[in-house]
Amino acid sequence: MRASPIRIPTVSNDSDWDSCFHLSQQTNIPAHQQIDDLYHTGGSGESEEDATSKEEEKIIDCMSLPKDKLAQSQKKTAVLIKEKMNTQANQELIRCVILSRIIFGEEHWKCAQALANLAYGYLTLRGLPAQAKKHAESARSTLLTWKVNTTSNKEKKEIVETLIVLYYTLGVAWLLQNQYPSLLRGVQGSGLEAYFSLQKAERSMKELKELDKGGICGLQVSEKDLTVALGRASLAIQRLNLALAYFEKAIDTVIAAKGEKTSDLISLYQEIAQIEQLRRNHQQAIQYLQQAYSICVSVFTEVSPRTAEASALLAKAYAMSGEAQHRDAVELYFIKSITAYQATLGSENSETLTTIEEFFQWLVQNGEKQCLMIQVFVYGSEHIKSRETKQLITLLQRASNSSSRWRREAIAGRKNSICRGTEP
């Protein structure tokens, strides 16, 4: 039986967009003409002046309905996002695009604004970078062909805000598509595309600050989000010093806004630690991961999945340093991680088994079995130290075998599901 190809979502197979797009095609007749058809009568004896006046009134009346609908849809979108009803919010964003087309026309910057918001919605609400990229590119094309001069400062600010949203969306969409390098341009190419788009977003952010005289608020894309994205893009193109500078800036921004113990810092410390490890600055990486671990304990308690993850990362950072003085720290944080995972997720959970396997591999690589032989020789096989070491190694060996078997079964299951043409 033939294996079905892997399906990567694109705009062409987005049923929500398709149905709304066809609806918009049906509304190409100018609204005042549709009203005229509904209310057309034979000769009424009206003068030409009266007819012209009534025609203008009809246009104003029929255009006020889509504008009201657009305002309602925009408010509804904000409420749905707040309530985390992401799919419904995305559908409202599609309606906003259609209504913007009816009111302003496809080539107006307001239509580009609606498309940029839809693209950002696909990225942040639905996690669909292919759709996000497609709509962001459409918004960019509309803005590039918009030739009418904008005199209003309010309009200028809105256009710049739209540029920030669409270029941020394009950049992050390229970063997310690094998961499929063989199907796209490759990791390096995607990273460059992401970096260039995010740089444009950064320039637009600076321009907006000038228009707002230094202070900006209420943006969909925060300075912190843009800075982190630039750091990730810099890392993707292997510019480690630049990536480090962006993450340091993001950390300073978060600390200034929310303090030193906010959970927002956890992932930032973990990512900047990864950069320091790539720069072979292991001691600094350990310090960042210690800060992340400390916040996890403070916010989530010591026995939680987040703290277990932070503990495992810290254990591996100590191990990567290769220094003998860190051996005790490696064991301590691995055991803390395994204990927390077992207490919260269970002994058979994949995270638990993976961490146990990593700990066992480190023990084997660092001669813990030789340690057992020496303890047996010095203390005897029945001594408590020998028994404890033997029990630990046996437990880890079993867990490692169980983890390997679990991985084989999971891989086999995924292969079978792909062959059946189903999603895993």
Side-chain angles (χ1 to χ4, degrees), residues 120 123-124 129 160-161 163-179 181 186-212 214-217 219-296 310 313-314 316-317 320-321:
Y120 184 76
L123 183 73
T124 58
V160 174
E161 285 175 12
L163 287 168
I164 294 168
V165 172
L166 79 86
Y167 280 122
Y168 172 83
T169 302
L170 275 175
V172 176
W174 274 113
L175 281 177
L176 291 175
Q177 288 185 328
N178 274 348
Q179 299 172 61
V187 172
Q188 188 73 8
S190 295
L192 283 170
E193 292 281 0
Y195 182 70
F196 292 145
S197 293
L198 291 165
Q199 270 195 321
K200 290 174 184 176
E202 187 179 36
R203 285 197 291 271
S204 296
M205 185 82 79
K206 287 176 183 174
E207 186 180 348
L208 184 63
K209 282 183 177 178
E210 289 173 9
L211 288 170
D212 263 355
I216 52 173
C217 59
L219 278 178
Q220 287 189 85
V221 179
S222 69
E223 270 194 279
K224 174 246 182 184
D225 289 340
L226 180 54
T227 305
V228 170
L230 278 160
R232 289 170 182 164
S234 302
L235 183 59
I237 58 175
Q238 299 175 13
R239 296 182 65 178
L240 300 182
N241 291 339
L242 186 60
L244 186 67
Y246 277 122
F247 272 100
E248 286 173 343
K249 181 181 175 183
I251 288 168
D252 289 342
T253 301
V254 172
I255 290 173
K258 298 186 177 181
E260 296 182 347
K261 291 297 180 181
T262 174
S263 59
D264 289 0
L265 288 168
I266 295 169
S267 61
L268 294 178
Y269 281 138
Q270 290 170 345
E271 288 189 74
I272 199 171
Q274 180 191 359
I275 296 166
E276 291 289 17
Q277 286 169 342
L278 291 170
R279 294 173 75 235
R280 301 186 186 282
N281 191 352
H282 295 292
Q283 197 55 44
Q284 186 61 58
I286 288 168
Q287 286 180 19
Y288 281 129
L289 290 170
Q290 280 280 14
Q291 286 174 287
Y293 175 79
S294 174
I295 295 170
C296 281
L313 288 172
L314 190 51
K316 285 183 273 190
M320 282 181 70
S321 72

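Just so it is clear, the structure is predicted and the values come from calculations on it, not from any experiment. Keep in mind that the numbers below use all heavy atoms, side chains included, and drop hydrogens, waters and symmetry copies.
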Determine whether T253 and T227 make a side-chain contact, defined as any pair of heavy atoms from C-beta on separated by less than 4.5 Å.
no

Taking S294 for the side chain and Q290 for the main chain, is one N or O donor matched with an acceptor at less than 3.5 Å?
no

Going by heavy atoms in the side chains, are L176 and L123 under 4.5 Å from each other?
yes

Does any non-hydrogen side-chain atom of V165 lie less than 4.5 Å from one of T169?
yes

How many angstroms lie between NZ in K224 and CG in L268, if you round to the nearest 0.5 Å?
5.5 Å

Could you walk me through whether W174 and L192 pass the side-chain contact (heavy atoms from CB on, under 4.5 Å) test, one step at a time?
CA-CA 9 Å; W174 274 113; L192 283 170; over 6 Å; no

Could you measure the distance from the OG atom of S267 to the CD1 atom of I295? Nearest 0.5 Å is fine.
10.0 Å

Nearest 0.5 Å please: distance from the CG atom of L230 over to the CZ atom of F247.
10.0 Å

Counterpart residues, side chain to side chain contact (heavy atoms under 4.5 Å, CB included), relative to E207 (two or more places apart):
V160

Output the distance between atom CD (Q274) and atom CG (L313), rounded to the nearest 0.5 Å.
9.5 Å

Could you list the residues that satisfy ring pair (Phe, Tyr, Trp, His ring centres under 6.0 Å) with Y293, not counting sequence neighbours?
Y333

Between L235 and L244, is the side-chain contact (heavy atoms from CB on, under 4.5 Å) condition met? List the steps.
CA-CA 8 Å; L235 183 59; L244 186 67; over 6 Å; no

Separation between CD of Q270 and OH of Y288, rounded to the nearest 0.5 Å
13.5 Å

Check step by step if side-chain contact (heavy atoms from CB on, under 4.5 Å) holds for Q199 and Y167.
CA-CA 8 Å; Q199 270 195 321; Y167 280 122; over 6 Å; no

Can you find a heavy atom in the side chain of R279 that is under 4.5 Å from one in the side chain of N241?
yes

Test side-chain contact (heavy atoms from CB on, under 4.5 Å) applied to K200 and Y168, step by step:
CA-CA 8 Å; K200 290 174 184 176; Y168 172 83; over 6 Å; no

With heavy-atom distances below 4.5 Å as the criterion, would you say the side chains of I275 and E271 are in contact?
no

Under the side chain to side chain contact (heavy atoms under 4.5 Å, CB included) test, which residues partner A233, sequence neighbours left out?
L175, A194, Y195, L198

Using the test side chain to side chain contact (heavy atoms under 4.5 Å, CB included), find all partners of L219 that sit at least two apart in sequence or belong to another chain.
E161, I164, M205, L208, I216

Within the distance-only criterion (no hydrogens, no angle test), does the side chain of T262 pair as donor or acceptor with the backbone N or O of L265 below 3.5 angstrom?
no

If we only count heavy atoms from C-beta on, is the Y246 to E202 side-chain gap below 4.5 Å?
yes

Got a sec, which pairs hit salt bridge (Lys or Arg N to Asp or Glu O under 4.0 Å) with one end in residues 236-263, sequence neighbours left out?
K258-D264

So, using side chain to side chain contact (heavy atoms under 4.5 Å, CB included) as the criterion, who are the partners of Q277 when residues are at least two apart?
H282, A285, L289, A317, M320

